[in-house]
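Have a look at the structure below, then the notes.
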Amino acid sequence: MTFSRRVLANNNTLIMNIRSDFPVFEKYPSLIYLDSAATAQRPNYVIDWIASYMRYSYSNIHRGAYELSSISEELYELSKKKVQENIWAKETSEIIYTYNSTYGINLLAQSLKKTWWLKKDDTILVNIAEHHANFVPWLMLKEEINIELNTIWYNQDSGFDYDIFTQSLSQNVRLIALTAASNTTGEKIDLLRIKNILDQTYISWVRPFLVIDASQLLPHEQINVELYNIDFLVFTGHKVMADTGIGVLYGKKEHLRKLIPAFSGWWAINYVSANDFSPAGLPYRFEPWTPHLVWAVSLLRAFEYIESIWWYEAIASHEKEITAYIFHKLHDFLPYKNGQISLIGSKNPDIRIGLFSFALKDIHPHDVADFLADNNIAVRSWHHCTEPLHMSLWIPASIRLSIACYTTKEDIDTFFLVLEKALITLS
C-alpha cells in the first residue's frame, strides 16, 4: 500500500491514472462526479489503509501499554503531524481533532464565551457568503450574550468588498469570521490582503481574532497560518479525500493555553476530585472524548495520497486548467441561453477555485439536478448552506458543480451538453 510520487508530463495521462485510483469510477465508469465540494471521493490508498488499520491495528490510545495501543497512538500523532505540516502550524499541540468544521466552530464559539473573550456589545464581522457552519454559531452568541453581528455584504460583480471590510473595522470588533473560499461563489479571499489590512488598522487597538473556515480551500491548496497570522482555523476531512467524521480546529498556542474549553472529561483532565479538576495540557484539554482513531488514520493517508500523486502545486495547476476550460465553455453557453441561466460570483478565474454555482430562471435547480442525475452527472442543488448570501442576491436556490483532481475536460463537455438538454426539456 505504498507507492512513489508519480510525475508524468502529460496531464491527461496523469488524470486517467489518478482516476484509476478511485474505485467508484471502476464500478461506475460513466459517472461524472461534480460534487467534490460536498464530499470528495476516496482513493484506494485511503480505503485500503483504513481497512488494514481496522483489521490489524485497531485499539484505543492514551495509557495503553500494549502493542496495538502503541501503534494506534503513533498513527494518531503522525496524523496530527501531517496536518501541522499542511497548514504550517508551529507544532502539533495547536491541532485539535473534532468531528467536522461545524463542530470545531461551535466548540470555539462556546469556549470564547466561557473565557469571556467575547462578551456583550463586542462586535463580530461575518462574511455574508459564509457557510451556515461559520454563521449560525455566532448568531447563537448574539442571542446568548448580546454581541453585535455585522455582515460584510457580497457584490455580485466585484465579489468580496475589501473597502467595505476595512470601513467595518473598529475598536469594538473582537472577531472576524471568513471563509477562505466560498462554497457557493468559488471566490478565494485574499488572506494576505486581509492580514495587511488588519496590521494597518490595529496598530494601537487590540487586534481581533481572525477565524478562517478553510474547508473549501484546503482540498485545492495549502494554507500558511503563520504567514496570514490566522488565530483559529477549521477544515473537515471528507473534503480532502479522508473519511467523514474527522475535522480540525487549529488555534495559536498562546490562545489555546488560556482558552477555557467548553467541554471536558476523560483525557481532557490531569486530575479530578469530588470538588475540583485540573485541565490537561494541549491539545488534549480540547478533546474530551474517545479519539476518532479510524478517521485520524484516514486523514493521515489522504494527505499522503496528495503527496504521492502531485503535491498541491500540480493539483492547483490541473484545477486551474479545468477552471479556465469551464470559463471557456461558459463564454459561449451563457449568452446563448439569453438569461435563462447565470453564473453566481466573480468571472475572474484567478481569484476562485473550481466551483461554479448557477442561478436558473423559471426552472427549479432540483429539477435540473434530477435531469443531470438521470444522465450520471452528480451535482448539488439548493442554497448550499449559504442562505443569507442567496437571499441577499434574491436567488432562492442554485445549482453547483465542483471539481477535484480526478475531473477531466470530458466531464465538463458532457456536463454542458446535458445541461443544455435539461434547459430545453424543462423550459
Side-chain angles (χ1 to χ4, degrees), residues 37-40 79-80 82-90 92-113 117-118 124-127 129-141 175-184 188-189 191 194 208-253 255-256 259 261-263 282-283 285-287 289 291-292 295-296 298-299 302-303 353 384-386:
T39 295
S79 180
K80 288 199 169 186
K82 188 62 68 176
V83 171
Q84 174 207 341
E85 293 171 353
N86 276 274
I87 64 172
W88 296 79
K90 287 182 178 178
T92 56
S93 65
E94 298 178 317
I95 308 300
I96 299 163
Y97 277 166
T98 67
Y99 298 111
N100 47 44
S101 294
T102 304
Y103 193 92
I105 295 173
N106 276 278
L107 171 61
L108 174 62
Q110 291 302 313
S111 297
L112 289 169
K113 182 187 76 170
W117 286 356
L118 289 176
I124 293 178
L125 285 183
V126 180
N127 184 0
E130 292 303 312
H131 189 282
H132 294 170
N134 202 21
F135 211 115
V136 176
W138 312 119
L139 284 174
M140 292 173 66
L141 289 191
L175 185 143
I176 300 165
L178 298 175
T179 178
S182 169
N183 75 316
T184 296
K188 295 190 291 184
I189 296 294
L191 294 174
I194 294 294
F209 298 116
L210 180 60
V211 179
I212 297 298
D213 180 358
S215 300
Q216 291 299 332
L217 186 58
L218 196 61
H220 308 285
E221 58 186 70
Q222 284 187 323
I223 298 177
N224 190 323
V225 294
E226 288 291 307
L227 175 64
Y228 302 133
N229 199 11
I230 296 170
D231 295 285
F232 299 98
L233 176 142
V234 297
F235 73 89
T236 191
H238 65 268
K239 299 183 191 298
V240 290
M241 298 183 284
D243 200 4
T244 55
I246 185 74
V248 171
L249 168 62
Y250 156 83
K252 287 183 178 180
K253 187 175 182 180
H255 297 332
L256 296 180
L259 192 64
F263 317 108
L282 296 177
R285 65 175 62 186
F286 291 96
E287 297 181 358
W289 41 67
H292 323 304
W295 304 329
S298 76
L299 189 56
F303 278 120
I353 57 174
H384 320 305
C385 291
T386 56

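In this text, all values refer to a predicted model and were calculated from it rather than measured experimentally. Side chains are part of it too, since the values below use all heavy atoms of this structure and drop only hydrogens, waters and symmetry mates.
Applying the salt bridge (Lys or Arg N to Asp or Glu O under 4.0 Å) criterion to K253, with sequence neighbours excluded, gives E91. Residues passing the ring pair (Phe, Tyr, Trp, His ring centres under 6.0 Å) test with H255 are F209, F232, sequence neighbours excluded.
For the side-chain contact (heavy atoms from CB on, under 4.5 Å) with V83, the lone residue among L218, I96, V240, V248 that qualifies is V248. Each of I189, D213, N134, T386 was evaluated against N127; a single residue qualifies, I189, per the side-chain contact (heavy atoms from CB on, under 4.5 Å) test.
N183 contributes atom CG, which lies 12.5 Å from atom CG of L217 (distance to the nearest 0.5 angstrom). Atoms OH and CD1, from Y228 and I87 in turn, are 13.0 Å apart once rounded to the nearest 0.5 Å. Between the NZ atom in K90 and the CD1 atom in I95 there is a gap of 13.0 Å [rounded to 0.5 Å]. The distance from the OG1 atom of T179 to the CD atom of Q216 is 7.0 Å, given to the nearest 0.5 Å. The CD atom of E130 lies 7.5 Å from the CD1 atom of I105; values are rounded to the nearest 0.5 Å. Rounded to the nearest 0.5 angstrom, L178 CG and L233 CG are separated by 11.5 Å.
Between L112 and L259, the closest side-chain pair of non-hydrogen atoms falls below 4.5 Å. For the pair Q110/L141, a side-chain contact is recorded, criterion being any heavy-atom separation below 4.5 Å from C-beta on. Under the 4.5 Å side-chain criterion, counting only non-hydrogen atoms from C-beta, N106 is not in contact with T98. Looking at W295 and N100, their side chains never come closer than 4.5 Å, going by heavy atoms from C-beta outward.
Pairing each heavy atom of K239 with each of A40, the nearest pair is O-CB, 3.7 Å. Contact between K80 and P283 at its shortest, heavy atoms only, is NZ-CG, 3.3 Å. Between I246 and S298, the shortest heavy-atom distance links the atoms CG2-OG, 4.5 Å. Here the closest heavy-atom approach between residue K82 and residue F303 is recorded as CG-CB, 3.4 Å. When every heavy atom of G104 is checked against every heavy atom of V234, the shortest pair comes out as C-CG1, 4.2 Å. Considering all non-hydrogen atoms of both residues, I230 and L210 come closest at CG2-O, 3.8 Å.
The closest donor-acceptor contact from the side chain of K188 to the backbone of A181 lies at 3.5 Å or more, if one exists at all. Looking at S101, its side chain does come within 3.5 Å of a backbone N or O of T236 through a donor-acceptor pair. Remark: side-chain polar atoms of E287 are paired, donor with acceptor, to backbone N or O of Y97 under 3.5 angstrom. Side chain of H238 to main chain of A38: a donor-acceptor pair is present (N/O by atom type, distance under 3.5 Å, no hydrogens or angles).
No more than 12 heavy atoms of other residues, nucleotides or ligands sit less than 6.0 Å from atom CH2 of W88.
For the residue pair N229/K252, the side-chain donor-acceptor check at 3.5 Å is satisfied.
Applying the side-chain hydrogen bond (donor to acceptor under 3.5 Å, both in side chains) definition to pairs two or more places apart or across chains, none involves residues 240-250.
Ring geometry for Y103 versus Y99: interplanar angle over 60°, hence perpendicular rather than tilted (30 to 60°).
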